[in-house]
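No hydrogens, no waters, no symmetry mates; every other heavy atom, side chains included, goes into these values. Along the sequence shown, the residues carry numbers beginning at 1.
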Amino acid sequence: MRKTVYFIPGDGIGPEIWAAARPVLDAAVARSYGGERLLEWRELQAGEKALKEQGELLPESTLQALRGADLAIKGPLSTPVGKGFRSLNVALRLALDLYACIRPVRHLRGTPSPVRRPEAVNMVVFRENTEDVYAGIEYGAGSPEAGRLIAFLREELGAEVDAASALGIKPMSERGSKRLIRRAVRHALERSLPSLTLMHKGNIMKFTEGGFRQWGYDLAAEEFAESCVAEEALRKNPSLAKGRLVIKDRIADALFQSVLLQPEEFSVIAAPNLNGDYLSDALAAQVGGLGLAPGVNMSDALAFFEATHGTAPELAGKDRANPSSLLLSGVLMLEHLGWNEAAERVRLGLDAVLARKTLTPDLAARMPGAVEVGCRAFGELLLQAVS
């Protein structure tokens, strides 16, 4: 069996971590299936390489290939802050309707952590990926567009807005929220997990974030009534929880505290875009950092796996990057394919290398007694561990 996987190496450290991770994935598949299964890699261009060779950051040929694909993986892509082109990651998500950003977070034994019980962190964040502030509806201070919108808000709706403000629009729809939450509920039910938490700031943003919360409860009642129960109902009858997924909600700021103090109370979290972005990065810090955090963006047709960190241009070409985020995203990809033997081989290999404390600089600096190695050497150790 051959499975086609489109890949984008990425910018900055992207090519280096890709060069370290890809051979490990290939070796795990070869070792697990003896040639009966094979990943067939096809490169696509986006970012700096595409700009240099094709004159545009996101070529139409790349989008066309991805529109017909069911599997892809990529390294990080550059996004300037406050100027220049809009995020390529966001552009890909919107163009391909990759509405669900899914990031499992769990501690890898032996990795450094700033918290006392990192082993208690084992949850999956489902982040809505196309709406909220990431819809990209934003106007600069002093721009004609901002002026017209401010005039409308003040004159037509009676809103008090400073005339010199920059403005961003935060659209959140019932359809967009429900399809994300539906995928999160199904994930939890398929794995017999105990709870799903709706993260929101509905106490302040009552119609956007509050809508997300209510649409989540409505969805559970309408489509999963036999298998789900709202936390509120348990106060009257605790026995309703038996054999059912508990749907609960937490205000965003309170949830940040709770995942630190009682992480074992959360198994699946569904969140609007910006909240989910913040939370998934914060959770990654609890278990060792973004260098160890995998992720996937999904539509109903395409699963697009990616390293969850940035391009780290200050490290590019210095052989100091950590390929683990991209590698673990590859593990998610293997699991998505149902190639669980290969996925487990990579996990065990990474565990073995981490146990030896021969680590890339980001991890070695926080682990007493560790031996520092470069990205290339770390990849070679991983390759040996899975072969």
Side-chain angles (χ1 to χ4, degrees), residues 100-109 111-128 177 180-204 209-210 212-221 224-290 292-295 308 328 332:
C101 177
I102 305 169
R103 291 179 60 176
V105 188
R106 71 177 183 90
H107 184 243
L108 299 176
R109 187 170 57 187
T111 54
S113 169
V115 299
R116 293 180 180 178
R117 297 185 300 124
E119 69 282 354
V121 179
N122 187 3
M123 60 191 83
V124 183
V125 177
F126 281 72
R127 167 192 170 200
E128 201 291 318
S177 299
L180 180 279
I181 297 166
R182 181 181 296 111
R183 188 181 282 268
V185 170
R186 287 174 176 165
H187 176 93
L189 290 173
E190 287 167 3
R191 292 157 180 80
S192 300
L193 298 174
S195 70
L196 183 147
T197 303
L198 302 164
M199 180 185 188
H200 64 92
K201 192 65 177 172
N203 56 325
I204 303 299
E209 306 256 342
F212 181 87
R213 171 191 178 276
Q214 188 58 51
W215 293 323
Y217 281 119
D218 291 346
L219 174 86
F224 302 97
E226 297 300 316
S227 52
C228 295
V229 61
E231 184 181 46
E232 179 66 27
L234 300 182
R235 295 190 174 96
K236 298 179 180 178
N237 187 356
S239 66
L240 291 175
K242 186 175 181 180
R244 290 184 175 183
L245 176 68
V246 177
I247 308 295
K248 54 189 178 181
D249 71 275
R250 297 293 183 270
I251 294 172
D253 44 341
L255 183 60
F256 273 98
Q257 174 176 265
S258 296
V259 296
L260 277 168
L261 299 178
Q262 299 98 24
E264 62 280 347
E265 293 185 7
F266 304 95
S267 49
V268 177
I269 297 173
N273 199 311
L274 189 59
N275 285 341
D277 193 12
Y278 291 154
L279 183 70
S280 55
D281 280 16
L283 285 171
Q286 291 181 221
V287 297
L290 285 176
L292 295 166
T308 59
L328 288 169
L332 293 183

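Between Arg250 and Glu231 there is a salt bridge, since a side-chain N of the basic residue sits under 4.0 Å from a carboxylate O of the acidic one.
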Exercise for review: Show the numbers, then the answer: is there a side chain to side chain contact (heavy atoms under 4.5 Å, CB included) between Val268 and Met123?
Suggested key: CA-CA 6 Å; Val268 177; Met123 60 191 83; over 6 Å; no

Exercise for review: Kindly determine whether Val125 and Leu283 satisfy side chain to side chain contact (heavy atoms under 4.5 Å, CB included), including the steps that lead there.
Suggested key: CA-CA 9 Å; Val125 177; Leu283 285 171; 3.7 Å; yes

Point to revise | Glu232 and Tyr217: CA distance, side-chain angles, deciding distance, side chain to side chain contact (heavy atoms under 4.5 Å, CB included) verdict | key: CA-CA 11 Å; Glu232 179 66 27; Tyr217 281 119; over 6 Å; no

**Study point:** Evaluation steps, side chain to side chain contact (heavy atoms under 4.5 Å, CB included), between Asp281 and Thr308
**Key:** CA-CA 9 Å; Asp281 280 16; Thr308 59; 5.7 Å; no

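Around atom CZ of Phe256, more than 12 heavy atoms belonging to other residues, nucleotides or ligands sit under 6.0 Å away. For CZ of Arg235, the number of neighbouring non-hydrogen atoms (other residues, nucleotides, ligands) closer than 6.0 Å is greater than 12.
His187 and Arg183 are not linked by any side-chain donor-acceptor pair at a separation below 3.5 angstrom, with hydrogens and angles left out of the test. For the residue pair Asp218 / Gln214, a side-chain donor-acceptor distance below 3.5 Å is found, with atom types taken as modelled. With hydrogens and angles left out, the side-chain atoms of Asn122 and Glu264 include no donor and acceptor closer than 3.5 Å.
Minimum interatomic distance between Leu292 and Leu328 (heavy atoms only, all atoms of both residues): O-CD1, 3.3 Å. The shortest heavy-atom contact between Ile247 and Leu198 is CG2-CD1, 4.1 Å. Nearest heavy atoms, Ala270 versus Leu196: CB-CD2, 4.2 Å. When all heavy atoms of Ala241 and Val246 are compared, the pair lying nearest together is CB-CG2, 4.3 Å. Taking each heavy atom of Asn273 and Arg127 in turn, the nearest pair found is OD1-NH2, 2.8 Å. Taking each heavy atom of Ser267 and Ser195 in turn, the nearest pair found is OG-O, 2.7 Å.
At distances below 3.5 Å, not a single donor-acceptor pair connects side-chain atoms of Glu209 with backbone N or O atoms of Gly202. Looking at Ser113, its side chain does come within 3.5 Å of a backbone N or O of Gln286 through a donor-acceptor pair.
Between atom CZ of residue Arg116 and atom CG of residue Leu261 there is a gap of 10.5 Å, rounded to the nearest 0.5 Å. Distance OG/Ser177 to NE2/His200: 12.5 Å, rounded to 0.5 Å. Considering CE of Met199 and CG of Leu255, their distance stands at 5.0 Å, rounded to 0.5 Å. The distance from the CH2 atom of Trp215 to the CD1 atom of Ile181 is 9.0 Å, given to the nearest 0.5 Å. Here the straight-line distance linking atom CZ of Arg213 with atom CG of Asn203 works out to 10.5 Å at 0.5 Å rounding. In this structure, NZ in Lys236 is found 11.5 Å from CG in Leu234, a value given to the nearest 0.5 Å.
Two residues are said to be in side-chain contact when any heavy atoms from C-beta on lie closer than 4.5 Å; Leu189 and Phe224 meet this criterion.
For the pair Lys248 and Phe266, the cation-pi test (distance below 6.0 Å, angle within 45°) is passed.
Partner Val105 forms a side-chain contact (heavy atoms from CB on, under 4.5 Å) with one of Leu279, Val287, Val124 and no other, that one being Val287.
With sequence neighbours excluded, the residues satisfying side chain to side chain contact (heavy atoms under 4.5 Å, CB included) with Ala284 are Arg103, Leu290, Ala293.
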